[in-house]
Amino acid sequence: MGSIETQVNNYLNNKLLSIKDLPTCSNGSFIDRLCSKKFTKYSIAPEIKQSVGTKLDNIIKNKLPLTFVPSFGGYKHWWSPTYPNIDWAEIFNIKFLLEYLSPIFTNYSANKTTIEYESEEIILSELNNVPQSGLDSYTKTFRQALEFFNKQLNGKPELKLSLAREQYKGYNFDKQKLLARIDEMMPEYTEKFNNYNKEDQERRINKARTNFKLDGVVDYTQLSKTEKEALYKHSRIFNEAFLDADFEVRGNDFFEKNTNIPLLFSFGLGPGGETWLHVGSCRSSMTDFWAGIGILEIRDDNTIIERILSRKQYESIQNDLIKVKVDCPISYICNNLNNIMVYLGKLNF
């Protein structure tokens, strides 16, 4: 094994995949830890800090179960060469959240503690034209990664991934009822969208444009530019209607549950999300882990930085990346974890 391989494998096995060095002291109150700029990457409004702090105080005072709910898309973006399974970006995020929340979990022993990732894969075939088979593969590999860490954590905290489609069973609800409800909402949400200013409309549509897979479940590649733009607009409005429809079903009982504290990454806000905490994807990146690809940056002083690259970032340096073979205990999960891409030097983004 060459020197770079040795360095990379030592880092992955002894640092990234190990929980031995998780912090145990928050150097302040729990709410100060949750609002730490090192992890949130965003400015936390005073009213958000206060509302989350009040909820956390109530949990601790009444010795209730404590659950953090990172909400995310629940898929690997189709642009990524690692699609459809997880890659190192997901592993970076799991460890990042453990480092972020460990001082709280370590010092709260009155009840069960959990990090419950929440996946909205239920409508992604309709929303982004992504095949369900790819979504299922992502779910499987993500859960395997969580189980790897669970074996080390021994339930403190428990890591889990919940799917909207699985939770709906408890509400006598399913995908067909969800799609019917969204269909009812579309005229109202189309009118609402059309009342946004042009700049806001374009910003929202551009999000759909980058996520929609033209050659997915249905082949839309032959559509005209005008037809594609109409497709992207519909996708965006569909997404906004879904967020509210989904919140009608499980919002108060899950997202706003008195023992649950939701976390969002950089993607758009849903109902209630204006008062939720936003966090980064890893120490060095704000790119959403499911929409990016995880690499290691090794600087001249041998410092190793975990990076989650966006499509634009990846394509700008892909010819400079080195593929390094990995030998670690999670490599069995999928081929993406048998290797890792490495950039030698310092990135300028």
Side-chain angles (χ1 to χ4, degrees), residues 4-5 7-9 11-12 15-17 41 70 72-97 117 119 121 124 128 130-131 133-146 148 161 206-207 209-216 265-267 279-299 304-328 330-349:
I4 294 178
E5 285 190 12
Q7 187 177 11
V8 166
N9 278 272
Y11 180 83
L12 295 178
K15 177 68 175 176
L16 178 64
L17 300 177
K41 312 292 186 182
F72 76 118
Y75 64 100
K76 175 58 72 173
H77 201 295
W78 52 264
W79 78 263
S80 175
T82 60
Y83 168 85
N85 295 325
I86 66 167
D87 63 49
W88 291 101
E90 281 73 13
I91 307 301
F92 294 167
N93 181 258
I94 295 169
K95 185 61 180 294
F96 177 73
L97 288 187
Y117 283 87
S119 166
E121 54 79 55
L124 288 175
N128 292 335
V130 179
S133 59
L135 302 174
D136 293 341
S137 185
Y138 183 85
T139 295
K140 178 182 178 180
T141 54
F142 196 96
R143 281 178 164 162
Q144 288 177 310
L146 293 178
F148 168 80
L161 168 62
N206 188 57
K207 189 76 172 179
R209 188 183 293 119
T210 59
N211 288 334
F212 199 92
K213 185 172 174 58
L214 289 172
D215 59 346
F265 299 98
S266 73
F267 76 112
V279 297
S281 270
C282 71
R283 282 186 176 272
S284 64
S285 301
M286 291 170 59
T287 299
D288 293 328
F289 59 87
W290 64 96
I293 181 171
I295 73 161
L296 291 180
E297 170 189 340
I298 303 181
R299 297 181 177 175
I304 296 180
I305 308 294
E306 299 162 18
R307 289 276 196 170
I308 299 176
L309 305 184
S310 66
R311 182 177 187 175
K312 183 177 181 180
Q313 290 170 339
Y314 173 77
E315 290 178 347
S316 71
I317 65 164
Q318 68 179 108
N319 293 331
D320 299 316
L321 294 173
I322 300 170
K323 180 183 285 189
V324 175
K325 185 172 178 55
V326 168
D327 181 13
C328 66
I330 63 168
S331 295
Y332 74 93
I333 293 176
C334 61
N335 288 335
N336 294 336
L337 302 180
N338 284 307
N339 302 279
I340 189 167
M341 303 304 290
V342 173
Y343 180 86
L344 300 179
K346 185 175 181 179
L347 292 170
N348 296 316
F349 46 74

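- Considering only residues two or more places apart in sequence or on other chains, E315 meets the side-chain hydrogen bond (donor to acceptor under 3.5 Å, both in side chains) condition with R311.
- Counting only heavy atoms from C-beta outward, the side chains of S281 and T287 never approach each other to under 4.5 Å.
- Residues meeting the ring pair (Phe, Tyr, Trp, His ring centres under 6.0 Å) test with F92, sequence neighbours left out: none.
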Side chains of residues 339-349: which donor-acceptor partners sit under 3.5 Å, not counting sequence neighbours?
none

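- With R307 contributing its side chain and S285 its backbone, the two residues share no donor-acceptor pair below 3.5 Å.
- The shortest non-hydrogen separation linking G74 to S119 is CA-OG, 3.2 Å.
- Side chain of W79 to main chain of A291: a donor-acceptor pair is present (N/O by atom type, distance under 3.5 Å, no hydrogens or angles).
- Checked against Y75 for a side chain to side chain contact (heavy atoms under 4.5 Å, CB included), the options L124, D136, T139 give a single hit: L124.
- The shortest distance between side-chain heavy atoms of I308 and I293 does not fall below 4.5 Å.
- In this view, D87 and K76, T82 satisfy the side-chain hydrogen bond (donor to acceptor under 3.5 Å, both in side chains) rule, not counting sequence neighbours.
- Applying the ring pair (Phe, Tyr, Trp, His ring centres under 6.0 Å) rule to Y11 yields no partners; only residues at least two apart in sequence or on another chain are considered.
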message: The test is ring pair (Phe, Tyr, Trp, His ring centres under 6.0 Å); show your working for W290 and F142 and say whether it passes.
response: CA-CA 10 Å; W290 64 96; F142 196 96; 9.7 Å; no
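- Geometrically, K213 engages Y83 in a cation-pi contact, judged by NZ or CZ lying under 6.0 Å from the ring centre and within 45° of the ring axis.
- Side-chain N or O atoms of T210 include one that pairs as donor or acceptor with a backbone N or O of K207 at under 3.5 Å.
- Remark: side-chain polar atoms of S331 are paired, donor with acceptor, to backbone N or O of L337 under 3.5 angstrom.
- You'll find the side chain of L97 reaches within 4.5 Å of the side chain of P70, heavy atoms only.
- Evaluation of the side-chain hydrogen bond (donor to acceptor under 3.5 Å, both in side chains) rule for N128 yields no partner, not counting sequence neighbours.
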field: Candidate pair N336 and T141, rule side-chain contact (heavy atoms from CB on, under 4.5 Å), full reasoning
entry: CA-CA 10 Å; N336 294 336; T141 54; over 6 Å; no
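- With no hydrogens or angles considered, no side-chain donor-acceptor pair links E121 and Y138 at under 3.5 Å.
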- prompt: What's the verdict on side-chain contact (heavy atoms from CB on, under 4.5 Å) for K325 and E5, showing C-alpha distance, side-chain angles and the deciding distance?
  reply: CA-CA 7 Å; K325 185 172 178 55; E5 285 190 12; 4.2 Å; yes
message: Run W88 and I330 through side-chain contact (heavy atoms from CB on, under 4.5 Å) and show every step you take.
response: CA-CA 10 Å; W88 291 101; I330 63 168; 3.9 Å; yes
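- Remark: the N93 side chain and the Y117 side chain contain an N/O donor-acceptor pair separated by less than 3.5 Å.
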